[in-house]
Amino acid sequence: ALGVVRDRAHQRLVSDVDVLLNPPPAMRVRAGDKIVFLAVDKPSVSVDVPAPAPPVLSDGGEMAESELLAQQRELSQINREREQKHKKPSHLLVLGWRTGMSSMLEEIDRYYAKGSSVTLLSSASLEQRRAELESARMAPLRNVRLEHVHGDMSDVELIARWRKTARATGALNGDDASNRAAVMVLLDESCGASSVNQREARVLESLVAIKATFSKELEMLSASTPAVRTAKTKAMPTVICEVETSTTEELAHSEAPFASVLTIDDFSSSLIAQAAYHPDILPVWESLLSSKGTDIRMRAPLALYGLANGSAHETASAPAEGSVNAAPTPAPTFDALRRLCRARGETLLGFTRSDGRSTVVFGTDVSCDEPIPHEAVERFMVLTDRL
């Protein structure tokens, strides 16, 4: 279970429910709560919910559930502030300009560390950009600094200039460079494109420009050794682009296999279809996609394997001096990892494989007692209130 949806009133409005994802372990499930869970299919699940009772403290006293949730929110805020201090600045390059930039920039500001920079490369004039951001009443940005660059979003020279800056600051090629540099390619509305085909053509042109700029780094993509793949990951920024049609999605995957391609129509259509089948899921999606509350985040394997063994997980223990055939350290099971994750205040959803297959393995896809070796995991996927 990932959490519950709890009616705040008898009206059937999204605003009249509380979405409690990744709740504290001591929270009691009430009669009438709708349980949010991952499932392989759409099974019918019935749960016998006991009469609500307040959590019992270690000294025998009782704590009101509202106070328990308030403490969790306070702790979550403390965790966010603490982790924000330890995060290092990132560099983000945004190619293109479209409707909704203010909301996108506010969301970026929420996640990126203080001192990060966002370079906005577009043919939209600086006056047009400022006017649109002001009319949208964008909240003041506290963590990121905006750098406006006027030019063609597929200009190799301008993209290379950003690459040079990102390298100079350690966001690329640094010891901890992973996930500290990224490029977003948007469906540009500033270049006079009047059709979907024209906007998508600009996306493809920009992907070709990125490919040319990072040609040396991309040569490592075909490397088979983990060491070379790690070097490539640090030298290459994360690249994400948006398209509108499945045809262009296929072209983007073919031309730029290094990029993650998001088809906006497919994504929204899936949400609408799911909401029509199961309308109670709407507040859950609203909660996950909002700028506050619980999020889905990716964690490095060491976050859990270190807890499993008290230090960095190893597939085999070093034999003690004089010993013979020391037994290897067994890999923890998925259930053990799930419990460790819960102990640190997060909910384990699954993981991505480290074999280069871009495969997401959810908890419903593996047996609870199946061992999960450290080397098989690229990132853990968790539900969390932390950054």
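Quantities reported herein were computed from a predicted structural model and do not represent experimental measurements. Side chains are part of it too, since the values below use all heavy atoms of this structure and drop only hydrogens, waters and symmetry mates.
With contacts defined as side-chain heavy-atom distances shorter than 4.5 Å, the pair Leu133/Leu105 qualifies. Met236 is listed as a side-chain neighbour of Leu218, based on a closest heavy-atom distance under 4.5 Å. Two residues are said to be in side-chain contact when any heavy atoms from C-beta on lie closer than 4.5 Å; Thr347 and Val382 fail this criterion. Side-chain contact between Leu186 and Glu242: present, with at least one pair of heavy atoms (C-beta onward) separated by less than 4.5 Å.
Taking CG from Leu20 and CE from Met27, the interatomic distance works out to 5.0 Å, rounded to the nearest 0.5 Å. Between the CZ atom in Arg163 and the CG atom in Leu93 there is a gap of 12.5 Å [rounded to 0.5 Å]. Once rounded to the nearest 0.5 Å, the distance linking OG1 of Thr333 with CG of Asp369 reads 7.0 Å. Here CG of Asp385 is found 5.0 Å from CG of Asn22. Values are rounded to the nearest 0.5 Å. The line from CD of Glu244 to CG of Asn197 is 9.5 Å long, rounded to the nearest 0.5 Å. Remark: Ser103 OG to Glu107 CD distance equals 8.5 Å, nearest 0.5 Å.
Nearest approach of Arg28 to Asp33, heavy atoms of both residues: O-OD2, 4.5 Å.
The closest donor-acceptor contact from the side chain of Asp109 to the backbone of Asn143 lies under 3.5 Å. Without hydrogens or angle criteria, Ser90 side chain to Ser116 main chain gives no donor-acceptor distance under 3.5 Å. The backbone N or O of Ala124 sits less than 3.5 Å from a side-chain atom of Arg129, completing a donor-acceptor pair. When atom types are taken as modelled, the side chain of Ser354 and the backbone of Glu375 share a donor-acceptor pair closer than 3.5 angstrom. Side chain of Glu106 to backbone of Ala139: a donor-acceptor contact under 3.5 angstrom is found. Panel note: side chain Lys211, backbone Ala256; no donor-acceptor pair is recorded below 3.5 Å. Looking only at distances, no side-chain donor or acceptor of Glu200 sits under 3.5 Å from a matching main-chain atom of Val243. Panel note: side chain Ser206, backbone Arg202; a donor-acceptor pair is recorded below 3.5 Å. No donor-acceptor pair under 3.5 Å is formed between the side chain of Glu147 and the backbone N or O of Ser117.
Scanning for side chain to side chain contact (heavy atoms under 4.5 Å, CB included) contacts around Ser125 gives Glu127, Gln128, with sequence neighbours left out.
Under the side chain to side chain contact (heavy atoms under 4.5 Å, CB included) rule, Cys241 has a single partner from Thr248, Val183, Val203, which is Val203.
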| Arg297/Glu346 under salt bridge (charged side-chain N to carboxylate O under 4.0 Å, His left out): CA gap, chis, key distance, verdict | CA-CA 10 Å; Arg297 304 285 289 175; Glu346 300 179 335; over 6 Å; no

| field | Arg167 vs Glu217, salt bridge (charged side-chain N to carboxylate O under 4.0 Å, His left out): CA-CA, chis, key distance, verdict | value | CA-CA 13 Å; Arg167 277 188 166 182; Glu217 290 84 350; 2.5 Å; yes

Side chains of residues 153-161: which donor-acceptor partners sit under 3.5 Å, not counting sequence neighbours?
| from | atom 1 | to | atom 2 | distance (Å) |
| --- | --- | --- | --- | --- |
| Ser154 | OG | Asp152 | OD1 | 2.8 |
| Asp155 | OD1 | Glu157 | N | 2.9 |
| Asp155 | OD1 | Leu158 | N | 3.3 |

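A tilted orientation is assigned to the rings of Trp97 and His148, their planes being inclined by 30° to 60°. Aromatic ring pairs are classed by plane angle as parallel below 30°, tilted from 30° to 60° and perpendicular above 60°; the pair Phe334 and Phe351 is tilted.
Side-chain N/O atoms of Thr165 and His91 include no donor and acceptor closer than 3.5 Å.
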